[in-house]
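Numbered from 1 within each chain, the chains take letters A, B, ... in sequence-line order.
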Amino acid sequence: MAKRYWLFKREADHFDMDQLMKKGKPVPWKNVRNFTVRNWIRDEMKPGDRVLLYQSRTDDPAVLGIGEIAREPYPDPAQFDPKSPYYDPKATKEKPIWYMVDVEPVKAFKKPVTLAEMRANPALDGMMVLRKGNRFSMTPVEPEHWKTVLAMAGER
DNA sequence: GCCAACGTTGGC
DNA sequence: GCCAACGTTGGC
């Protein structure tokens, strides 16, 4: 299957792009508990897919950099852990419900691409993350939109 | 901090 | 299986 593009959202409180880059290792992107997003993870994400890393719930929400999916999707262990807030009593090891991927940080943009800039760019019309009321923590990104965002960041 | 929007839950 | 109520997301 061809390489795909995604946008992963994370709240500012739990997202430090510099820290990610410094670490330089794949990080688990866990705790997705939305069925639509689960289906994208489980059925469509592949190692090598590229990801826009987006910071939400801040004064200036923005894409801060890019990453790459580092391994096949796998069951989120928290669903089996009764002590976890993400525990799901309906999930079993044989039939997991929730999936996750690891993301390797690839590059921090020198110039983040803000939500305001993205909304102002007609080339990004229809981008899922820009839709009103969008609450998916992960969304697919069209190849043309990917190129546009990278160009806006001054990257190639 | 507010509140619109939306996914999920649960009573019926 | 519907749908109102609830809880959460996330821009502003």
Can you tell me which nucleotide in [options] comes closest to the side chain of [X]?
| X | options | result |
| --- | --- | --- |
| A:Phe35 | C:dG11, B:dA5, B:dT8 | B:dT8 |
| A:Phe136 | C:dT9, B:dG7, C:dG11 | B:dG7 |
| A:Glu11 | C:dT9, C:dG11, B:dA5 | C:dT9 |
| A:Asn34 | B:dG7, B:dA5, C:dT9 | B:dG7 |

Send over the distance from [X] [atom1] to [N] [atom2], rounded to a whole Å.
| X | N | atom1 | atom2 | value |
| --- | --- | --- | --- | --- |
| A:Arg38 | B:dT8 | CZ | C1' | 14 Å |
| A:Asp13 | C:dG11 | CG | P | 13 Å |
| A:Lys90 | B:dT9 | NZ | P | 6 Å |
| A:Met128 | C:dT9 | CE | C1' | 17 Å |
| A:Asn134 | C:dC12 | CG | P | 12 Å |
| A:Leu7 | C:dT9 | CG | P | 17 Å |
| A:Gln55 | C:dT9 | CD | P | 16 Å |

Checklist entry - More than 12 heavy atoms of other residues, nucleotides or ligands under 6.0 Å from NZ of A:Lys111: is that the case? => result yes
Checklist entry - Centroid-to-centroid, A:Tyr74 to A:Trp98, below 6.0 Å? => result no
Checklist entry - When the ring centroid of A:Phe136 is compared with that of A:Trp40, is the distance short of 6.0 Å? => result yes
Checklist entry - Out of curiosity, A:Leu52 CG to A:Ile66 CD1, how far, rounded to the nearest 0.5 Å? => result 7.5 Å
Checklist entry - Between A:Tyr54 and C:dT9, does any side-chain N or O lie under 4.0 Å from OP1 or OP2? => result no
